[in-house]
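Following: one structure in structure tokens, then a few remarks.
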Amino acid sequence: MILAKIHVTLKKSVLDPQGVAISEALHSMGYPHVESARLGKYLELRLDDRGRSKNELQAQVKDMCERLLANTVIEHYEFELQAIPS
Amino acid sequence: MILAKIHVTLKKSVLDPQGVAISEALHSMGYPHVESARLGKYLELRLDDRGRSKNELQAQVKDMCERLLANTVIEHYEFELQAIPS
Amino acid sequence: MPITPKVVKEHGLTAGEYRNILKILGRKPTYTELGIFSVMWSEHCSYKTSKPLLKGFPTRGPQVLQGPGENAGVVDIGGGFGVCFKIESHNHPSAIEPYQGAATGVGGILRDVFTMGARPIACLDSLRFGDPKDPHVRNLIKGVVAGIGGYGNCVGIPTVAGETVFDDVYRENCLVNAMAVGLLRADRIARGTASGLGNPIIYIGSTTGRDGIHGATFASVELSEQSGERRSAVQVADPFMEKLLLEATLELVASGLLVGIQDMGAAGLTSSSVEMAFRGGAGAEIDVSLVPKRESGMAPYEVMLSESQERMLLVARKGKEKGVLKILEKWGLHAAVVGRVTGDGRHKVFEGGRLVSSIPVKPLADDHHPLFPRAHRPEKRPAYLAKTRAFKLRSVPEPKDYGEAFWKLWSGPNLAGKGWIWRQYDHMVRTNTLVLPGSDAALLRVKENGSAIALAVDGNGRYCYLDPFVGGMIAVAEAARNVAMSGARPLACTDCLNFGNPEDPEIMWQFHQAVKGMAEAAQALGTPVVSGNVSLYNESPRRAVDPTPVVGVLGLLKPVQGRLRWASQWFQRGGDAVYLAGETREELGGSEYLARLHGLKAGQPPALDLRREKALQEFVIRAVGRGLLASAHDLADGGLLAALAESCVRGARRGSPALGARVALAGSIRMDALLFGESQSRALLSCRPGDSAALESLARRLRVPLKRLGEVGGSSLRVEASAPGRQVRLDLPVSEVENVHDKAFPSLMGEESL
Amino acid sequence: MRFSVLTFPGSNCDHDCWHALKNVLRQKVDLVWHKEARLPQGTDCVVVPGGFSYGDYLRCGAIARFSPVMAAVRAHAGRGGLVIGICNGFQILTESGLLPGALLRNRSLKFLCETVHLRVENASTPFSRLARGGRVLAVPIAHGEGNYTCDAETLRHLEDRGQVVFRYCEEDGAVTPRANPNGSLENIAGIVNQAGNVLGMMPHPERVCETEMGGTDGRLIFESMLDALTAKG
Ligand SMILES: Nc1ncnc2c1ncn2[C@@H]1O[C@H](COP(=O)(O)OP(=O)(O)O)[C@@H](O)[C@H]1O
Ligand SMILES: [Mg+2]
């Protein structure tokens with residue numbers, strides 16, 4: 001079994017209204033030294049790798065990100081694969 | 001400057017409706033070997049560490065998670081701190 | 001697990017109840033059986049405390065198609081259509097996880113309604129919190145409102161009305177009541193029945209997890225420091241699944257392939273299967289190994305008691321399974337046949353081939369069964385009443401400056417406009433909302449039969465604290481009055497009874513008195529109770545909440561010569577005449593004025609004469625029907641001055657500028673009672689000058705006191721009032737009145753505006 | 001004229017659009033299930049309605065875009081057929097790449113349902129041709145993610161080519177930050193594609209087609225489409 005850990009974050013140039021709200025909330029809670037906050041998504045996919053090479057899975061996860069998991073107009077993604085016991 | 005990377009995920013026993021929808025979408029897109037998907041949050045906080053020890057920041061980020069960033073009733077959090085050039 | 005007295009106690013069962021279990025089974029229960037008894041006999045499912053009292057409610061009438069006893073009540077609205085509705089609480093889950101708690105509350109009540117085969121057309125919410133300036137409370141409010149909106153918006157049901165009240169007694173134990181309303185064909189009411197030997201029992205919807213085990217029991221204990229530990233009782237909402245279930249259910253009901261259907265609410269698979277078997281006079285077998293699960297290694301006990309959300313149980317006609325599955329597949333829903341209807345009157349649970357529970361259905365569900373639990377709770381008149389009733393109005397000084405008094409009341413959390421809340425709810429989807437939130441009642445057209453229905457929800461904990469009998473009556477009367485103001489005739493009501501711990505005799509007394517008062521009002525006003533919910537144990541170690549019965553009323557507006565005529569609370573035109581219907585007495589006990597300006601919760605709530613109430617409602621309904629009224633607004637919190645201000649500010653649809661008014665008042669009572677008193681059975685009306693004579697003559701005929709106060713117009717609300725020894729002149733600029741109305745609540749929440 | 005109103009799992013304004021087109025504007029309307037690979041014969045215009053397709057899980061409109069019917073919609077648009085995406089429909093169209101940009105969470109982070117004012121910025125599109133430029137329409141919004149964004153270059157193209165059709169404005173037509181309900185870039189409420197036959201807008205015209213619903217400004221948009229179709233013959 002393979003675990004794909006995927007991070008999807010807003011591109012730097014895109015304003016992150018939730019991140020802004022979080023950092024403001026943290027300021028008002030007494031953490032003035034929070035300079036900024038950005039909120040993204042973290043996905044974990046469990047993939048059955050029987051009969052599939054690591055390269056193939058790598059290419060597939062990239063496809064999944066491009067097609068569905070991230071909106072590349074505004075988002076940026078990164079992932080890593082990790083073998084786990086099934 | 002310190003970068004806190006925070007992962008907030010739903011506890012195992014908690015239903016993740018988004019995860020279910022994502023894995024079904026991936027199946028219908030032709031990735032039948034996706035066994036499951038879980039969707040969580042990923043936060044990056046930039047913290048000004050001048051005059052603050054690593055331990056202190058560590059304790060503070062934990063507090064932030066408990067008080068605001070994670071809902072510990074249903075969510076689980078994890079974080080790491082990393083020094084970055086300011 | 002061995003069944004020790006400790007285990008029995010942890011299941012919330014009394015020694016006597018446990019003895020009854022032994023009698024019923026003729027042996028010691030298995031662990032699964034103990035779990036099943038404990039949830040079925042919990043307060044939440046068994047109504048063991050409240051059932052005897054609720055029997056006093058009127059439940060019948062020619063308009064009632066389905067009274068209490070099913071998932072929701074149904075009334076006839078003509079043209080072959082019925083409206084199904086019910087209100088329910090989700091107080092404890094919301095106190096612990098406000099977003100999910102409130103969201104799942106909406107989900108649960110929606111399921112109760114579409115389970116009956118009704119398409120949900122509206123939601124309402126009734127909320128009570130502590131001081132919104134308190135950061136803890138603020139977070140609760142934000143979460144609850146977002147949760148209610150998040151769920152209803154996603155499913156596509158407009159949330160059209162509600163009420164929100166703030167009082168310190170709700171700080172630790174907020175109240176979150178949600179009401180759902182659905183439309184169905186009167187000849188197609190679906191019921192939660194399991195019958196027909198061998199018919200398959202089918203499970204649909206979300207998977208079963210360990211979440212929410214003992215939710216029903218959880219709802220039946222007080223909130224305490226340890227409640228955090230019970231957090232597994234909180235579930236995550238999946239409104240998308242709900243939408244699929246809703247569409248599939250309606251298609252299934254229309255298909256005629258079903259014998260019965262019921263949602264899995266409190267006590268999940270257990271209560272749904274037991275109750276369906278009971279209603280069908282049958283038995284049922286469930287095999288937990290066939291139940292779709294989210295986690296591995298779940299014990300039968302856990303599967304039977306899980307309260308995972310968005311699940312339904314169906315009984316299909318034997319041989320029709322294929323048709324059922326086809327409809328489910330269209331909606332992308334997985335189904336599993338998990339059991340069948342049997343003829344032996346027992347509820348049996350298997351795990352594969354192993355029998356893990358076998359209990360006769362009747363003593364689990366039939367409150368007439370001799371071994372069914374009954375809680376005989378002693379009652380005692382509360383000691384605090386001696387003090388609150390000794391209150392003398394004489395001891396309260398009148399405000400020096402009535403303008404200042406008005407602004408203080410007007411900007412307080414209870415009178416502040418609630419747009420911050422209802423703008424987070426899609427209140428227009430389905431394009432039926434004729435009167436948007438903000439007026440006394442919401443009004444929805446029914447495209448299917450050309451009529452319209454009015455909806456309002458109301459309650460007053462302060463009145464009930466001071467006199468639960470009168471407070472209970474007023475809750476019904478005010479909700480009905482709100483509906484009548486739109487021109488609709490109140491047809492029936494639903495109620496949610498939020499009280500403290502009934503094991504406390506004083507609370508039990510409050511409960512009993514309130515129910516009596518409600519029953520009397522419902523009888524007199526011709527609005528039978530067709531559904532409802534009881535929420536007890538609303539208290540923290542510090543205190544109990546005020547006794548808070550909440551009443552939802554449904555009214556019907558029939559078209560006259562093919563046209564609908566209705567009113568809202570807002571003034572329509574400069575030059576219209578302003579009237580006050582009803583009588584103003586020196587009644588300030590329990591008022592918002594005393595609470596906010598003098599910090600007092602004291603005295604006797606205003607008296608309610610049900611005959612006068614009925615006459616007032618009849619008068620307004622007829623006047624609206626004849627097209628005589630431009631606006632109609634009932635007088636409630638804050639009295640006449642607040643009502644005047646509320647009629648001046650504009651509703652959500654803001655085409656034209658806000659209108660002022662110029663009125664003159666004279667009374668032989670104290671000035672504060674004249675302006676802020678909350679005498680019942682009153683309404684503030686406006687009409688075209690040309691309709692004045694007809695309006696006055698209608699009032700005379702129905703013996704409703706009607707006094708002309710002045711006229712609509714100008715850019716301020718100008719009031720000249722005279723009381724013995726006191727003259728007051730107020731000039732309140734409407735732009736400022738409206739501005740404060742809009743901004744007060746966001747600013748209490750620490751926000752500029754939405 | 002013939003309209004196809006799409007229904008995805010989780011759509012909830014499909015019936016409202018159907019009602020407005022069928023019962024108010026008296027047009028032929030089909031509700032088209034998302035699994036259909038083809039649009040009904042003779043479809044002149046596709047309506048992608050509001051709601052929460054697939055619960056709006058992951059991102060609004062992200063999953064719906066993979067429904068079989070969307071390939072047909074793309075083909076229809078490619079042939080110059082009219083497509084209007086309302087609210088969630090707008091989100092689906094941006095996710096599908098039929099319209100540029102994306103819709104983020106509202107600046108307030110709250111769902112917001114209220115009537116707003118829209119200034120018609122381009123009165124020559126098939127969706128606005130019965131309006132005068134600068135005309136102000138009152139139309140409700142109901143969304144949590146209507147905060148339109150795109151990169152600077154896309155924005156320049158949109159502005160240069162007149163692709164911004166509606167902007168949030170005050171009652172008198174002034175485009176101000178106060179009139180912006182959700183933080184949208186340049187108060188953008190609705191845009192068309194470069195060819196001008198695909199519109200996405202956050203406000204709900206179908207909710208204001210009858211007087212008793214508080215206004216009829218929404219009809220202007222549907223009637224413009226009818227007019228454009230008639231002109232085309
Ligand atoms: N939580 C809420 N949800 C929806 N609408 C609300 C809510 N709270 C208040 N409202 C609306 O605000 C208006 C005023 O409410 P309220 O003061 O309770 O009215 P009344 O005094 O006539 O009972 C009503 O239209 C009501 O529907
Ligand atoms: Mg009222």
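Owing to the predicted nature of the structure, the values given are computational and were not obtained by experimental measurement. Within every chain, numbering begins at 1; the chains are lettered A, B, ... in the order of the sequence lines, protein sequences first and strands thereafter.
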### Query
Considering heavy atoms only, which positions within residues 14-43 of chain B lie below 4.5 Å of chain C?
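Interface residues of residues 14-43 of chain B: Val14(B), Leu15(B), Pro17(B), Glu24(B).
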
### Query
For Ser206(C), is it the side chain, the backbone, both, or neither that has a heavy atom closer than 4.5 Å to a heavy atom of chain B?
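Contact with chain B is through the side chain of Ser206(C) alone.
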
### Message
Is Gln309(C) in contact with chain B via its backbone, its side chain, both, or neither, using a 4.5 Å heavy-atom distance?
### Response
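It is neither, since no heavy atom gets under 4.5 Å.
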
### Query
So how far is it from Ile96(C) CD1 to Ile74(B) CD1, rounded to the nearest 0.5 Å?
12.5 Å

### Message
Tell me whether Glu78(B) at atom CD has more than 12 heavy atoms from other residues, nucleotides or ligands lying less than 6.0 Å away.
### Response
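No.
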
### Task
Write out all pairs satisfying ring-ring contact (aromatic ring centres under 6.0 Å, His included) with one or both partners inside residues 67-86 of chain B, taking only residues at least two apart or from two chains.
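Not a single pair qualifies under ring-ring contact (aromatic ring centres under 6.0 Å, His included).
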
